[in-house]
Protein chains: 2
Amino acid sequence: MNRLESLESFVAVVESGQFTIAADRLGIGKSVISRRVSELEEHLGALLLHRTTRTLSLTDAGREFYPRAVQLLEDLDEAEQSVSRSQQDLSGRLRLAAPLSFGLFHLSNALNGFSNLHPRVVLDIDLNDSEVDLVQEGIDLALRIGDLDNSTMVARPLAPINFVLCASPEYLQRMGTPHTAEDLSGHRGLCYSNLPEPQKWPFIDPAGRAQTIRIPLQMQANNGQLLLDAASAGQGICLSPTFIAYQAILDGRLKPILTDHHIPPVTAYAVYPNRRFIPQRVRALADYLRQQFGDHPYWDDGLAHVIS
Amino acid sequence: MNRLESLESFVAVVESGQFTIAADRLGIGKSVISRRVSELEEHLGALLLHRTTRTLSLTDAGREFYPRAVQLLEDLDEAEQSVSRSQQDLSGRLRLAAPLSFGLFHLSNALNGFSNLHPRVVLDIDLNDSEVDLVQEGIDLALRIGDLDNSTMVARPLAPINFVLCASPEYLQRMGTPHTAEDLSGHRGLCYSNLPEPQKWPFIDPAGRAQTIRIPLQMQANNGQLLLDAASAGQGICLSPTFIAYQAILDGRLKPILTDHHIPPVTAYAVYPNRRFIPQRVRALADYLRQQFGDHPYWDDGLAHVIS
DNA sequence: AACACTATTGCATTATTAGCAACAATAGAC
DNA sequence: GTCTATTGTTGCTAATAATGCAATAGTGTT
């Protein structure tokens with residue numbers, strides 16, 4: 001018995017849901033599939049698939065075995081590729097997690113570029129603002145913004161994330177333009193709810209003193225884009241990362257305020273599990289993103305005067 | 001070509017250093033080995049072994065490929081075993097790391113017991129007081145004493161680690177027995193150097209006040225057993241984990257002092273990488289150790305009056 | 001109850017693999 | 001320098017295993 005071919009057959013059956021389709025996909029006869037799966041089951045001493053002639057379903061053992069089989073086949077390909085003659089030509093699946101807004105604004109372009117460079121790498125993108133467990137979810141690489149839980153993950157800085165305080169010109173005319181951090185307490189805050197203290201905004205004033213201002217809450221959301229749209233509509237003042245706000249600022253839809261105050265920047269990292277064997281495509285993507293963004297990302301290009 | 005058998009053959013050759021021995025080990029002819037390795041090389045498009053008729057050596061590609069091949073074969077066995085009929089009968093290699101002293105004193109017995117329970121599990125034990133990188137070293141499970149770097153590792157408490165202050169009766173007669181923590185400043189400290197501040201010993205006095213005493217340094221070592229021997233020889237006072245000191249105390253070679261002071265205990269943990277698939281033997285060993293030690297480990301049995 | 005479609009099984013054919021033995025190559029002994 | 005023992009490779013044949021086809025049995029649907 002060829003254990004590997006049995007594994008392949010089993011995986012193909014699970015993924016297609018039918019012996020017949022699996023056989024077509026692998027380009028062999030369905031009888032072969034049938035026999036291989038049977039052999040595998042016999043070898044394991046456990047039934048993997050409940051099968052009547054018309055319906056297939058995984059047994060408990062099969063449910064447990066399937067993801068491991070998939071992983072195994074991927075690992076094998078990975079290992080072979082790592083020493084293969086065509087090292088340049090990366091391939092395989094790459095599961096990527098990133099925050100929603102950043103993903104939509106800046107990752108999609110970068111990923112398209114990467115995909116063109118390495119067309120045989122299949123990208124599986126999970127945009128999600130809540131921190132998922134990379135290991136459990138089988139994520140190869142995550143883009144994380146801000147402080148990291150000091151973990152055994154490998155973290156490579158990709159770009160600085162600067163912040164800017166802004167509001168619509170109309171709002172500022174109506175409500176007045178604040179000139180000190182204290183002035184903010186009379187304004188309407190559009191606050192990002194995924195922070196421990198959404199209403200507390202940190203500044204370093206022109207004299208170099210750090211201060212934290214609590215701004216009245218007008219609207220709260222877990223999405224920066226939505227807050228920015230609210231600010232554009234004159235709903236209030238928004239503390240936004242430049243990677244979201246830059247376009248609206250350059251357009252004139254939003255006006256940066258308190259630009260003589262410094263807002264502590266954070267860093268965007270590429271984070272990946274410290275596995276024993278890190279797939280080359282993961283390294284390649286991290287490299288590529290670093291190169292795309294870097295210490296002076298393009299979205300900050302027109303904002304030099306704003307981010308001090 | 002059977003990729004798996006090729007892998008097996010390659011691994012066997014690397015491990016035995018000879019095609020002939022590898023063939024014997026696998027119970028097949030050496031010509032088969034030769035052909036399989038050749039096929040594998042052709043498949044990969046890279047030479048794995050430099051071979052003259054008398055000497056074998058790995059190429060760079062081979063050196064890279066070998067550990068991955070080993071891992072792969074282990075993973076496959078692991079996956080198959082996880083659903084195999086003989087789930088009870090664990091097997092495979094289990095790499096364990098533990099602090100030196102604890103390993104010698106209490107792990108060896110426990111491991112022998114485990115080994116009897118699961119004779120087909122091969123234990124590979126690394127006693128080492130410096131924290132190694134579990135992932136890089138391929139450690140399946142580590143026993144760690146004290147606070148953990150909050151990491152993505154899974155940590156399961158195994159036992160409380162209590163401390164006791166002690167010295168030889170002869171020493172105490174000669175130098176006087178301290179009755180308060182302050183008294184220690186006139187004594188000779190035998191200090192464990194693997195701590196950030198070896199000479200600072202923490203106490204909670206009978207009144208419940210926490211205090212930290214800096215004790216004069218007489219001897220410093222990175223091994224608790226050695227310090228304890230020094231204490232037995234009357235060299236000074238030693239702050240020792242009970243798992244090291246218990247025997248000497250029960251023997252009367254050492255006398256606990258300041259027993260009305262409480263020394264904050266720490267915890268021994270079983271730590272393992274949060275891999276996607278945690279081998280059953282790892283879980284089993286962690287369970288077994290927990291059961292062997294537990295909240296009231298045997299080494300504290302005769303010391304109830306000491307550890308308050 | 002008949003139908004359509006499924007997985008399984010038996011069997012002849014085909015392809016692959018193993019083992020043996022001969023061969024070539026090399027390190028070490030003398 | 002030559003000889004020898006041993007190693008990896010290769011050619012060939014026998015044995016083995018895998019494949020595809022067709023027939024079979026089972027199941028959900030109409």
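Quick note on labels: first sequence line is chain A, next is B, and so on, each numbered from 1.
Atom CG in B:Leu26 sits about 14 Å away from atom C1' in C:dA18, given to the nearest Å. Counting to the nearest Å, the C1' atom of D:dT27 and the CG atom of A:Leu56 are 12 Å from each other. The NE2 atom of B:His50 sits 19 Å away from the P atom of C:dA25 (whole-angstrom rounding). Rounded to whole Å, atom P of D:dG26 lies 20 Å from atom CG of A:Leu49. We find that CZ of A:Phe19 is positioned 17 Å from P of D:dG26, with the value rounded to whole Å. Taking atom CD1 on A:Ile33 and atom P on C:dT6, their separation rounds to 14 Å, with Å as the unit. For A:Leu48 and C:dA7, the CG to P distance is 16 Å, given to the nearest whole Å. One interatomic measurement links the two molecules: CG of B:Leu40 to P of C:dT17, which rounds to 14 Å at whole-angstrom precision.
Under the 4.0 Å criterion applied to side-chain N and carboxylate O atoms, B:Arg3 and A:Glu80 are assigned as salt-bridge partners. Residues A:Asp287 and A:Arg290 are not paired through a salt bridge, judged by the lack of any N-O separation under 4.0 Å between the basic side chain and the carboxylate. Residues A:Arg36 and A:Glu8 are not paired through a salt bridge, judged by the lack of any N-O separation under 4.0 Å between the basic side chain and the carboxylate. Contact check on B:Asp140 versus B:Arg93 returns no salt bridge, with no Lys/Arg side-chain nitrogen under 4.0 Å from an Asp/Glu carboxylate oxygen.
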Going 5' to 3' through nucleotides 11-20 of chain D, assign each nucleotide B (protein heavy atom under 4.0 Å from a base atom), S (under 4.0 Å only from sugar-phosphate atoms) or - (no protein heavy atom that close).
B------SBB
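Phosphate contact (OP1/OP2 of C:dA25, side-chain N/O of B:Arg51, threshold under 4.0 Å): absent.
Residue-level contact check: A:Thr20 touches the backbone only, with heavy atoms under 4.0 Å from sugar-phosphate atoms and none from bases.
Each of B:Ile21 and A:Thr52 lies near DNA chain D, and the nucleotide nearest B:Ile21 is the one positioned closer to the 5' end.
Residue pairs meeting the side-chain hydrogen bond (donor to acceptor under 3.5 Å, both in side chains) criterion with at least one partner in residues 11-20 of chain A, sequence neighbours excluded, are A:Glu15-A:Arg25, A:Glu15-A:Tyr66.
Screening B:Leu134, B:Val154, B:Ile139, B:Leu143 against B:Val271 for a side chain to side chain contact (heavy atoms under 4.5 Å, CB included) leaves a single residue, B:Leu134.
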